[in-house]
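Below: one structure, written as structure tokens.
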Number of protein chains: 2
Amino acid sequence: MISSDGIPPIKTKDIQIRETSRGLKIELPLKKNEQIYGFGLQLHRLNHTDRKKVIRVNSDPVADTGDSHAPVPFYVSTAGYGVYVDTARYASFYCGTNLPKGASKHLKDKKKAVGTSEIELYGYQTAEGDRSVVVEVPVAKGIDLYFFEGPNMKAAVQRYNLFSGGGVLPPAWGLGVWYRAYSAAKNEDVMRLAEGFRNDNMPVDVFGFEPGWQTRAYSCSFLWDDHRFPKHEEMLEKLYKMNYRVNLWEHVFVHPSSPMYDDLTPYSGDYEVWDGLVPDFALKEAREIFADHHLRHFIEEGISGFKLDECDSSDFVHSNWSFPDVAEFPSGLDGEQMHNMLGVLYQSTLLSAYKSVNKRTLSQVRSSGALASSYPFVLYSDLYNHKVFIRGVVNSGFSGLLWAPEVRHASSAEDLVRRIETVVFSPHALLNCWRIPNPPWMQVDQDKNKQGEFFDNYEEVRELCKTLFETRMSLIPYLYSSFAKYKYEGIPPFRALVMDYPDDPTTFNIDDAYMMGDSLLVAPIVSEESERKVYLPEGRWWDFWTNTPYEGGQSYVIEPKLGKPPVFIKDKSILPIAAPLQNVKDDTVFNLTVKVYGENPKDFILFEDDGTTYNYEEGIFNRVRLSYNEAGKGAVERSGNYIENRYQITNWKYVN
Amino acid sequence: MISSDGIPPIKTKDIQIRETSRGLKIELPLKKNEQIYGFGLQLHRLNHTDRKKVIRVNSDPVADTGDSHAPVPFYVSTAGYGVYVDTARYASFYCGTNLPKGASKHLKDKKKAVGTSEIELYGYQTAEGDRSVVVEVPVAKGIDLYFFEGPNMKAAVQRYNLFSGGGVLPPAWGLGVWYRAYSAAKNEDVMRLAEGFRNDNMPVDVFGFEPGWQTRAYSCSFLWDDHRFPKHEEMLEKLYKMNYRVNLWEHVFVHPSSPMYDDLTPYSGDYEVWDGLVPDFALKEAREIFADHHLRHFIEEGISGFKLDECDSSDFVHSNWSFPDVAEFPSGLDGEQMHNMLGVLYQSTLLSAYKSVNKRTLSQVRSSGALASSYPFVLYSDLYNHKVFIRGVVNSGFSGLLWAPEVRHASSAEDLVRRIETVVFSPHALLNCWRIPNPPWMQVDQDKNKQGEFFDNYEEVRELCKTLFETRMSLIPYLYSSFAKYKYEGIPPFRALVMDYPDDPTTFNIDDAYMMGDSLLVAPIVSEESERKVYLPEGRWWDFWTNTPYEGGQSYVIEPKLGKPPVFIKDKSILPIAAPLQNVKDDTVFNLTVKVYGENPKDFILFEDDGTTYNYEEGIFNRVRLSYNEAGKGAVERSGNYIENRYQITNWKYVN
């Protein structure tokens, strides 16, 4: 655990707050070399120093404004502290962007060349010297500010995550491969896909249903459609027998044909969306009605989770589909507040249903916010190009969020493989194939896929995908244990390099590579490029695929083979690798080869529990310590009170 | 003049206003077939029915949010009325976007197919039936609403423009061709260009200087640079002798090295921009200091106008260059209000300097707002593609604004010509060549232009441009008289087709063609296309170039030759065409051929005055009525008290 000095990182006397015509203005000190990160799922930028960010939920953030599926009014600094502004309003953070009048008077005689381009004219001037972060909170008349100590940025993030209740410990099966099926699928289409994966030995843990499973979507009835899925219980039983978990798509808007409609009407906002109610999940009554329906109709039928769509709002794109900021809710929240909170309230509502039956879920959500680290919901959206997806993984770790760089489209077989490379080395190995009836390794072109026109070399493509899925499966114990550190120590399992190397300025703006756990550095490549530069921080690093050593503190140009993205292991690591499985059952035992990189490696601690319930919260788990002594012997030390073994260590491999 | 029934278009009992947690919420009725237009310089959309618009000044409006260089809280309806909400705050207009809870309960059993694409899923539903426009004004506790009668949309716009003081009557020279020169130009570069135009007989009226003329820019000193322009007064005299008017670039931010800096300091906002002050032009003192400096240093040296840059703010793009919303100004305005007002206040400040010496200006500005019809400043920005530039021309007419679809870049010689076609049939024939030292008809590629590598066929390209410039010059009397109608009747000289044909649904969404005056329909073509569809409203139309008649009420596919964009003249029009000149001098007399299209044409009234002063406001002008009687004779009837003649009618041409 990290200790505390008990010294606030920012002194009260250095904080200015006052009321203005528009709300509150808060000024916090910002010293000249500080770098600012955070603000949630910021997809367009990593480093927010000298930038403005508005904390506004938006499903279509087309520019670097701060708008995000999951904006968070929390930032951290390389100086080693974090600041959380406790508001649901569209707060603006000006991270040292502006200087007060007269600050540059002394620069009167400084020369400046005449520009002949916008960049030269606008000449992005980093304001020099110490300045301020200015936070504006509209409407508010008072505010709670939370300051998180360091001593470094990672510790500040840890404290924020622990303050939020600790990070997510997902069910072990959640770390496997997910496949979301064609939205217009019927029973037979589902079975065809599901049987196909098993026949082809493609590891898939979770099968996702898209909108077509309900009688009505946009807005939702929350009832199985008997025409597309007659006797759906039997279909589910077959899927469970094939060791699939099932995840159902939905969104929060309740259609008049839903059995929940009349009960929820008094506990909903004053505008409808897609003909449906917007339940007010800040009210206990609304949460109970909604959670209860899900429990009785789905969770008790074994549904393992949900995809919570469209809780992120957008008034601006091809349609104005969400409620306006001026909406009112019976709890007293207005539309602005509800937009910023809906994702979190929605997650909380469904999580309570799972907790009530002591089953862990890993689910998906399109919006989240502050203090959400403990919610087992991964953020997603299918709007972005590959580089933006990657940046989302890098950034989420600053704010207690998880992001899936989902594979939902590919321009070619090569592009498909590159995207799968990224997703298997990400928090959530998700293929979102809602637009195609046949798997993408058969054909990525949407029209051809619908017409059954497949790649000539689909078997080759499928093999590449299978190998990557197996790699993912082999990393589950490592990942699971990294998530346990998220839970108990608040260390984000996926994080920017600057968080681990805050004194290395080369890492300050690296938004295309990240740490996966403590030992893996992942630098995905996009299909538009045949090579990429990878910066390895100081120390030695080992190529994941070839075991070749690299000396760090410098960049390398890597030309990765298809199916083998740039992944490096930190020297002095112990890395457990499992024999890959097709899926993770409740009683799965992982057979591990333990790889040791370099001399005098750091111990690795596997977290061992039932992987599916909340019993670990009662202390029912083991810590399995893997260590490697100077004499060249590996040791396994198990301690705890969980009576079963989920890990068998089969052998050790020393890499040097 | 239009008469008034004195009946408010919206009854008081149908207006709902109340305070909310965030400000004010206003609801106004919207009937099911109404189409909504307006909201200022909206570059991304013409028809705002079922859309949300936020009235926020922004120099980089990347999406259809309402953000604009010149957003205006004013809209008009095809039902024949206009609504102005008098606020400088970032008001939101929801034009029938949302239905109240329960409105769709009766649609419970309506079928909806399962979508397999975003559009199908989000299924843009136009809310059916009567609904509301909801306006939210943040912060405000009270509001003035102005309703403009019809009986039709054009009349409502006229009333708004007259309420604003009437539209602009620009100086006649302002309607000629403008050339803004290379920003790094020195004295010799300016003379080379200026002499070159005259030698090549390229009509150019206004020569524009970009930032390099000042000792300092970003922020500005407002002083001539003696190194690049030693003895600038002599250079100006030479330019005036060649019959150029001179326009100087600037922006509002005052650098510490400016003689105005110390005087303006107490009358400026609490943040600086690019090291400089933000003068508070809501204060008389600041306006006087600024206007006085411009009068003494520039206007009295014969400078004909200014280009008021960067008054439109952006916190979001490659740099955060403007003051924050949370800024405060000594007048009491905050940053939000100042952002929405800065363009208008800046225009007003410089206009007062010109009025004080009884000289008309036509200038340029990057931001404007409400009630600005009378300000002789044309909006511009160089950010957009050709189609967006065109849409800006179509849209501006709803809100009392003028927009220049400037030529500032071209991908090829053909693209250059197409863009010049558009700009000569627009409010402002502006070539903005600040990035290239040689004229664009020599070379459009920036690097090659700088190195003097010209088109092989530059003479041919130049000829095409010259012919288009001459066409512009020949239309000046027609345009000038159209602007006089803007001044006295409030009729926008450039306007969307729907404004003239509000009962023709085909026009509702035409954002790529517009009326230029009462008689010309302009449908520009972009170089990416070799042909385009042109919709001609009911009645007959005549091809401007060939005099071929077309029957309206239908669309035609036109393949316009290079240099001859699709332009049509309404049947029964009288159109004065001047012999083209190189420039418009103070004593210029236009020699007119009067073209008559069709039988029993409507009279055309030429507005005749000195073209340069405000004497017309004292009634010193003539109306020169051109009519054509059934006997086939043209008649000229001059009435008024301006003693000189600016128009000589040389002959008449009858087209049938």
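Treat the numbers as computed from the prediction; the structure is a model and nothing was measured.
To the nearest 0.5 angstrom, B:D325 atom CG is 4.5 Å from A:R22 atom CZ. Rounded to the nearest 0.5 Å, atoms CG (B:D270) and CG (A:L99) are 12.0 Å apart. Interatomic distance, CG of A:D60 versus OG1 of B:T65, reported as 12.0 Å (0.5 Å rounding). Rounding to the nearest 0.5 Å gives a distance of 7.0 Å between OG of A:S257 and NZ of B:K108.
The shortest non-hydrogen separation linking A:V134 to B:Y271 is CG2-OH, 3.7 Å. Closest heavy-atom contact between A:G102 and B:Y261: CA-OH, 3.7 Å. Nearest approach of B:K101 to A:S268, heavy atoms of both residues: NZ-O, 3.2 Å.
Chain B forms more heavy-atom pairs under 4.5 Å with one residue of A:S104, A:S221, A:P138, A:G23 than with any other, namely A:S104. Counting heavy-atom pairs closer than 4.5 Å to chain B, the top residue among A:P256, A:S219, A:A327 is A:P256.
Under the side chain to side chain contact (heavy atoms under 4.5 Å, CB included) rule, A:S21 has a single partner from B:Q337, B:E336, B:R89, which is B:R89.
Residues B:E272 and A:R131 are not paired through a salt bridge, judged by the lack of any N-O separation under 4.0 Å between the basic side chain and the carboxylate. Salt bridge status for A:D262 with B:K105: present, with a side-chain N to carboxylate O gap under 4.0 Å.
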